[in-house]
There are 2 protein chains.
Amino acid sequence: MLKISELAALTGLSAHTIRFYEKHGLIEASQRSGSGYRYYSDADVKRAVFVKSARNTGFSLDDIGVLLSIRLDKQSHSCQEVTDITQHKLDEVNERLAELQTMRRTLERLLESCCGGPENATHCSIIEALDGGAVTVTRRAS
Amino acid sequence: MLKISELAALTGLSAHTIRFYEKHGLIEASQRSGSGYRYYSDADVKRAVFVKSARNTGFSLDDIGVLLSIRLDKQSHSCQEVTDITQHKLDEVNERLAELQTMRRTLERLLESCCGGPENATHCSIIEALDGGAVTVTRRAS
DNA sequence: GTTGACCTTCGAGTTAACTCTAAGTTTATA
DNA sequence: TATAAACTTAGAGTTAACTCGAAGGTCAAC
C-alpha cells in the first residue's frame, strides 16, 4: 500500500492533483488509515496509471471518466464504444493541428518577409501584413 | 463612421467581443454620439482589422497590445522587436504542434490496434494499452 | 518529547478569452 | 405613435484543469 506522495512519485502526478482527481471520481484510495491517510492498493495504482496514460494521450477528464467506467465493467461495453471516444478525440486533435499548421505557415511567412533588424519599424512588413488583414485562419469552435 | 454592429459585421467579431477588446485597450471608438453610441472611423476600423488578423495568427491579447503600441509609434520601435514577438509565438506553436502530433500518433495506433466492433470490451486493446501506461507524452508547460 | 516532514479538509484563486445577463436608453421603421 | 431593433453599462458566469493556501492533525526519527 502506497501513501499519496508515493503514488505521486510513481505516476508523476502531484498529491494535489491526485486529490483533485479523486474529487472527480477518477482515482480512489481503497483504504484509509484511522487518522484519514489515503492508502493505495495495487489496483488503485493501476487505475491511477490508466488515468495518467489517458491524460497524456489527450483525453479530457470527462472522457477518462467514461473510459474508466468501461474498464470497470468491460463485459457490459463494446470495443466500439471505446473506439468512438478515441476517434472523436483524434478528430479534435486533427482539427486543432490543422489550425496550428495554418498559424505556423502564417508566422513563418511573416518572419521571412521582415528584415528583423535594428531599423525602426516604419516599414515593417509584419505590421503591414497584419494591417492588410491578409491573414485568414479560423479559430477552433470548441 | 460605423456603428458597433457594422464593425462587427465587417470584422467578424461580435459586438460583445469588440467592447471586451476595448476594455482591454485593443480597439477604440474615436467618437461617441451624444447618447453614448460608439462610432468607428476608418482608422478605428483598420486597427480592429489589425487586431483580428493578429488574433487569427495566434497572438494573445497581450501580444497584440504590444504589437499595437509598436504600430502606433513605429519610429520608436525596431523590426527586431516585432520579429522577436513573432518568433516567440512560432516557437510556442511548434511546441504545441509537436505535442499534438504525438497524441495523434498515439491515438492512431490505439485505433489500429482495436477491432472497434460490437464485441464486449473484455480484451479491448485500447483499454489494455492505457492500462499498461505504454503511452508517454508530455503536456505543455504553459 | 520535540522537531520537521507529511498528511488532512475546505475553499478560493488562476488563466485566457470570451460570453451572457439585466436593466435601462436610443433610434429606426411602419 | 408604437414597437422592435440596436445600443449602453456593470458585473457575473463559463470552461478546463489544475494550483495554492490556511489551519490543523499525524508520524518517524533523534
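What's counted below: heavy atoms across the whole structure, side chains too, no hydrogens, waters or symmetry copies. Residue numbers begin at 1 in each chain, while the letters A, B, ... track the order of the sequences. The model shown is predicted, which means the values in this text are computed figures rather than measured ones.
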Round to the nearest Å and state the distance from [X] atom [atom1] to [N] atom [atom2].
X	N	atom1	atom2	value
Ile64(A)	dC18(D)	CD1	C1'	13 Å
Asn56(B)	dC18(C)	CG	P	10 Å
Tyr40(B)	dC7(D)	OH	P	10 Å
Ile4(B)	dT19(C)	CD1	C1'	14 Å
Leu26(A)	dA16(D)	CG	C1'	13 Å
Glu22(A)	dC10(C)	CD	P	11 Å
Gln31(B)	dT8(D)	CD	C1'	17 Å
His16(B)	dA10(D)	NE2	P	15 Å

Neighbour count above 12 (heavy atom, 6.0 Å) for His123(A) NE2: no
Within 6.0 Å of CG in Asp42(B), more than 12 heavy atoms from elsewhere: no
Check: Ser78(A)/Asn120(B) side-chain N/O donor and acceptor closer than 3.5 Å: no
Donor + acceptor pair across side chains of Asn56(B), Ser53(B) (<3.5 Å): no
Side chain to side chain, Tyr21(A) and Ile64(A), heavy atoms closer than 4.5 Å: no
Would you please confirm or rule out a distance under 4.0 Å between OP1 or OP2 of [N] and any side-chain N or O of [X]?
X	N	result
Arg38(A)	dC7(C)	no
Arg19(B)	dT8(D)	yes
Tyr21(A)	dA17(D)	no
Thr17(B)	dA17(C)	no

Nucleotide nearest Phe20(A) when distance is taken to its side chain, options dT19(C), dT8(C), dC18(D): dC18(D)
Shortest side-chain distance from Ser5(B), nucleotide among dC18(D), dC20(D), dA6(D): dA6(D)
Electrostatic pair Asp131(B)-Arg71(A), nearest N-O below 4.0 angstrom: yes
Test applied, side chain to side chain contact (heavy atoms under 4.5 Å, CB included); reference residue, Arg38(A); option that passes from Glu22(A), Gln31(A), Lys3(A): Glu22(A)
Sugar-phosphate only, base, or nothing, as touched by Ser14(B) at under 4.0 Å among non-hydrogen atoms: nothing
Annotated protein contacts, base or backbone, on nucleotides 24-30 of chain C with a non-hydrogen cut-off under 4.0 Å, one of B, S, - each: --BS---
